[in-house]
Engineer: 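Have a look at the structure that comes next, please.
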Amino acid sequence: MRITLFTSSPQLDKSYACSLPLPEKKVYIEQTLHAIYQEPKDIIDEKVICYAKHWTECKPQICAALSEAFDVDCFNLFPDIKCNLSINPIEPRFLQQRSFDIFYHNSERGAIGVAIHEIIHFVWFYVWNHLWKDHYSEYEAPSLKWILSEMVVESIMKDQRLCSINPYYPREEGGCIYPYFFTMKANGKLVLDIIEEMYQTQSIQDFMKNSYAYCLSHEKEIREHIAKEG
């Protein structure tokens, strides 16, 4: 079952919320969630300490792996990046604000898995933006640039320094990308196999250019697959 805000927070009345105009719906959800937050506050406070400790232990190998993958110094790249513990199970990220949310029910290992995925996006689009000189508004769903950024996470995550601390890797453990990518094909070939071959044989800049060109040439098939399986 897909976890949503309504399934994780049964105090929210979905039927009532959906009957409201958007401004009133927003107020209702915010007020209800504020009340809900008071219940797990002590748990969240404890997990802040637990997550921070585990992150400190894992940070050196994460930064080393991503520095190598992106050919940029990730140890000092985002000193202001922020992870928020949230009662929202959707776990959004905010690229330009350099922040992302982690659901407080997650374990410290699960939190690291989510954090690596999101940090890959931050670094990917940092390098991408310097390469293409485009705008961050182009990096969100349903943009093809966003789709590509979601697909490449698995190839980058294969680094032993990353996958060894990510409980969602490999695919048999749930996968670190959307499952519909696993069966996506273009011209009869698995798209992720093509992406992986490019990643393993090209510089990060060439990989970005060529993988995006590949996606552009097969955009119709890619979008049709996501519409059907997503």
Side-chain angles (χ1 to χ4, degrees), residues 1-4 62 65-72 74 77 90-96 98 100 113-163 166-230:
M1 180 179 70
R2 181 182 179 187
I3 297 178
T4 67
I62 293 172
L66 296 184
S67 294
E68 185 176 315
F70 289 101
D71 195 24
V72 63
C74 290
L77 185 57
I90 299 174
E91 301 181 325
R93 71 167 178 269
F94 307 94
L95 285 172
Q96 288 187 281
R98 293 177 183 166
F100 60 97
V114 173
I116 296 171
H117 179 112
E118 299 306 339
I119 292 169
I120 285 173
H121 286 301
F122 287 113
V123 185
W124 172 270
F125 282 119
Y126 171 84
V127 176
W128 179 283
N129 185 261
H130 281 71
L131 179 65
W132 294 97
K133 309 298 183 185
D134 49 7
H135 194 272
Y136 269 74
S137 62
E138 301 176 41
Y139 303 160
E140 302 296 343
S143 154
L144 191 63
K145 295 176 183 180
W146 170 81
I147 293 172
L148 173 61
S149 77
E150 292 292 342
M151 286 195 286
V152 302
V153 167
E154 185 179 61
S155 292
I156 297 167
M157 194 75 74
K158 286 183 178 180
D159 187 302
Q160 185 63 24
R161 291 166 291 187
L162 302 179
C163 67
N166 184 357
Y168 304 120
Y169 186 94
R171 297 179 188 182
E172 291 75 18
E173 298 298 329
C176 57
I177 60 176
Y178 293 112
Y180 55 73
F181 287 129
F182 300 149
T183 56
M184 179 184 289
K185 290 185 176 182
N187 279 349
K189 297 180 179 179
L190 289 170
V191 172
L192 288 185
D193 287 351
I194 303 299
I195 295 292
E196 170 69 9
E197 182 180 359
M198 289 183 184
Y199 177 72
Q200 294 297 338
T201 59
Q202 300 177 13
S203 69
I204 188 63
Q205 291 83 5
D206 287 344
F207 172 63
M208 287 181 168
K209 292 176 181 177
N210 294 328
S211 61
Y212 186 56
Y214 169 78
C215 288
L216 280 172
S217 66
H218 297 287
E219 183 172 4
K220 184 173 183 292
E221 292 168 279
I222 289 171
R223 291 196 181 278
E224 285 177 350
H225 180 85
I226 293 175
K228 180 182 178 182
E229 303 294 336

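Just the heavy atoms: all of them, side chains too, but no hydrogens, waters or symmetry mates, feed the values below. Worth saying up front: this structure is predicted, and the values here are computed from it rather than measured.
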Engineer: For the residue pair L77 and F70, establish whether any side-chain heavy-atom pair is separated by less than 4.5 Å.
Structural biologist: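 Counting from C-beta outward, L77 and F70 never come under 4.5 Å.
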Engineer: Within the supplied structure, the quantity of interest is the number of heavy atoms (other residues, nucleotides, ligands) at a distance under 6.0 Å from K145 NZ; does it exceed 12?
Structural biologist: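 Yes, NZ of K145 has more than 12 neighbouring heavy atoms, counting only those of other groups under 6.0 Å.
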Engineer: Find the distance between OH (Y169) and CE (M157) and round it off to the nearest 0.5 Å.
Structural biologist: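 Result: 9.0 Å between the selected atoms.
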Engineer: Just by distance, no angles: are the side chains of H117 and E150 close enough, under 3.5 Å, to form a donor-acceptor pair?
Structural biologist: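 Yes, side-chain donor-acceptor contact under 3.5 Å.
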Engineer: Could you pull out every donor-acceptor pair under 3.5 Å between side chains of residues 122-133 and any protein atom, sequence neighbours left out?
Structural biologist:
| unit_1 | atom_1 | unit_2 | atom_2 | d |
| --- | --- | --- | --- | --- |
| W128 | NE1 | D134 | OD2 | 3.0 |
| N129 | ND2 | D134 | O | 2.9 |
| N129 | ND2 | Y139 | OH | 3.1 |
| H130 | ND1 | Y126 | O | 2.8 |
| K133 | NZ | H130 | O | 3.3 |

Engineer: Nearest 0.5 Å, what's the OH-OG distance between Y214 and S217?
Structural biologist: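 It is 7.0 Å, given to the nearest 0.5 Å.
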Engineer: From C176 SG over to L162 CG, what is the distance, rounded to the nearest 0.5 angstrom?
Structural biologist: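 Output value for this atom pair is 9.5 Å.
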Engineer: Taking salt bridge (Lys or Arg N to Asp or Glu O under 4.0 Å) as the test, write out the residues that go with E118, two or more places apart.
Structural biologist: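 E118 satisfies salt bridge (Lys or Arg N to Asp or Glu O under 4.0 Å) with R93 only.
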Engineer: With sequence neighbours left out, write down each residue that passes side-chain hydrogen bond (donor to acceptor under 3.5 Å, both in side chains) with K220, or none if nothing qualifies.
Structural biologist: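 K220 satisfies side-chain hydrogen bond (donor to acceptor under 3.5 Å, both in side chains) with E224 only.
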Engineer: Say you draw a straight line from OG of S211 to CD1 of I204; how long is it, rounded to the nearest 0.5 Å?
Structural biologist: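 Result: 8.0 Å between the selected atoms.
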Engineer: S149 side chain to H121 main-chain N or O, any donor-acceptor pair under 3.5 Å?
Structural biologist: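 Flag not set: sc S149 to bb H121 has no pair under 3.5 Å.
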Engineer: Can you name the residues that form a side-chain contact (heavy atoms from CB on, under 4.5 Å) with E68, not counting sequence neighbours?
Structural biologist: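 So E68 forms a side-chain contact (heavy atoms from CB on, under 4.5 Å) with R161.
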Engineer: Side-chain contact test, heavy atoms from C-beta onward, threshold under 4.5 Å: evaluate it for L144 versus R223 and give yes or no.
Structural biologist: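 L144 reaches R223 side chain to side chain.
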Engineer: Is it the case that more than 12 heavy atoms not belonging to Q202 sit under 6.0 Å from its CD atom?
Structural biologist: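 Yes, enclosed.
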Engineer: What residues, two or more places apart in sequence or in another chain, satisfy side-chain contact (heavy atoms from CB on, under 4.5 Å) together with S203?
Structural biologist: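 For S203, the residues satisfying side-chain contact (heavy atoms from CB on, under 4.5 Å) (neighbours in sequence not counted) are Q205, D206.
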Engineer: Mind checking the CD1-CD1 spacing from I119 to I156? Nearest 0.5 Å is all I need.
Structural biologist: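 I119 atom CD1 to I156 atom CD1 measures 12.5 Å (nearest 0.5 Å).
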Engineer: Check the pair V152, M208 against side-chain contact (heavy atoms from CB on, under 4.5 Å), reporting the backbone distance first and the verdict last.
Structural biologist: CA-CA 10 Å; V152 302; M208 287 181 168; over 6 Å; no
Engineer: Would C215 and M151 satisfy side-chain contact (heavy atoms from CB on, under 4.5 Å), going step by step from the backbone distance to the final call?
Structural biologist: CA-CA 11 Å; C215 288; M151 286 195 286; 3.6 Å; yes
Engineer: How close do S67 and C74 get, heavy atom to heavy atom, and via which atoms?
Structural biologist: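 Between these two residues, the closest heavy atoms are OG-N, 2.9 Å.
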Engineer: Does L66 form a side-chain contact (heavy atoms from CB on, under 4.5 Å) with D159? I'd like the steps, not just the answer.
Structural biologist: CA-CA 9 Å; L66 296 184; D159 187 302; over 6 Å; no
Engineer: Does N166 reach the side chain of E173, with side-chain heavy atoms less than 4.5 Å apart?
Structural biologist: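 No - every pair of side-chain heavy atoms lies 4.5 Å or more apart.
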Engineer: Which atom pairs, donor and acceptor, lie under 3.5 Å between side-chain atoms of residues 182-196 and protein residues at least two apart or in another chain?
Structural biologist:
| unit_1 | atom_1 | unit_2 | atom_2 | d |
| --- | --- | --- | --- | --- |
| T183 | OG1 | H225 | NE2 | 3.4 |
| E196 | OE1 | S155 | OG | 2.6 |
| E196 | OE2 | Q200 | NE2 | 2.9 |

